[in-house]
Amino acid sequence: VQLQASGGGLVQAGGSLRLSCAASGRTFSNNVMGWFRRAPGKEREFVAAINRSGSSTYSAESVKGRFTVSRDNAKNSLYLQMNSLKPEDTAVYYCATSIIWEAGSWRNLDSWGQGTLVTVSS
């Protein structure tokens, strides 16, 4: 299984970015997928999740109303549209292809791919 996240970069506060994640090696259309991030000096944290069909999404409170997760099962791909970015959104963003809600938090069951760095300047 290979995961390749892309679309990160340097953006000013208030700007937008769209992250993409291309997964290869097997089909993920039956999995709940999502995004996590790790800010400098912090633990990795949940950002957003999307169900198998794409009809339901879940977001962390810190990004609710600003970030939108979507997927294209035909392309085995996952996306994260990030608007109204803030400096505190600066982090390496990782896509996750098999996540579950367990004991009050989201957990990734699969390996982590290479993340993409998002830097938001003030």
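Minimum interatomic distance between Ser121 and Leu10 (heavy atoms only, all atoms of both residues): CB-CD1, 4.3 Å. Nearest approach of Ser98 to Asn31, heavy atoms of both residues: CB-ND2, 3.7 Å. The minimum heavy-atom distance between Arg37 and Asp89, with the atom names listed, is NH1-OD1, 3.0 Å. Leu17 and Leu85 make their closest contact through N-CD1, 3.9 Å (heavy atoms, listed as atom of the first residue, atom of the second, distance). When all heavy atoms of Val32 and Ala49 are compared, the closest pair comes out as CG1-CB, 4.4 Å. Contact record, Ala13 with Ser122: CB-CA, 4.3 Å, taken as the closest heavy-atom pair.
Figure legend: cation-pi geometry between Arg18 and Tyr79, with NZ or CZ positioned under 6.0 Å from the six-membered ring centre and within 45° of its axis. For the pair Arg44 and Trp112, the cation-pi test (distance below 6.0 Å, angle within 45°) is passed.
Once rounded to the nearest 0.5 Å, the distance linking CG of Leu80 with OG1 of Thr68 reads 8.0 Å. Interatomic distance, Trp35 CH2 to Phe46 CZ, rounded to the nearest 0.5 Å: 12.5 Å. Taken from CG in Leu3 to SG in Cys95, the straight-line distance is 4.5 Å, to the nearest 0.5 Å. Note that NZ of Lys75 and OG of Ser29 are 15.5 Å apart. Values are rounded to the nearest 0.5 Å.
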*Determine, stepwise, if the pair Ser16 / Asn83 fulfils side-chain hydrogen bond (donor to acceptor under 3.5 Å, both in side chains).*
CA-CA 4 Å; Ser16 298; Asn83 299 328; 2.9 Å; yes
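Side-chain atoms of Arg66 come within 3.5 Å of backbone N or O of Ser62 as a donor-acceptor pair. The backbone N or O of Ala22 sits nowhere less than 3.5 Å from a side-chain atom of Ser77 that would complete a donor-acceptor pair.
Between Trp101 and Trp106, the ring planes are perpendicular. Angles over 60° get that label, and only those under 30° would be called parallel. The aromatic rings of Phe67 and Tyr93 lie tilted to each other, with the angle between the two planes from 30° to 60°.
Side-chain atoms of Met33 and Arg52, non-hydrogen and from C-beta on, never get closer than 4.5 Å to each other. Residues Asn76 and Arg71 are not in side-chain contact: their nearest non-hydrogen atoms beyond the backbone lie 4.5 Å or more apart. Taking 4.5 Å as the limit, some side-chain heavy atom of Met82 sits within range of a side-chain heavy atom of Val118. The shortest side-chain heavy-atom distance between Val92 and Thr116 does not fall under the 4.5 Å cut-off.
Within 6.0 Å of atom NZ in Lys64, more than 12 heavy atoms from other residues, nucleotides or ligands are found, so the atom counts as buried in its surroundings. Residue Glu45 qualifies as enclosed at atom CD: its count of foreign heavy atoms under 6.0 Å is above 12.
Annotation: Phe36 is not in aromatic contact with Tyr94 [ring centroid separation under 6.0 Å not met].
Note: the hydrophobic cluster containing Val69 does not contain Ile99 (ILVMFWY, side chain heavy atoms under 4.5 Å, direct or indirect links).
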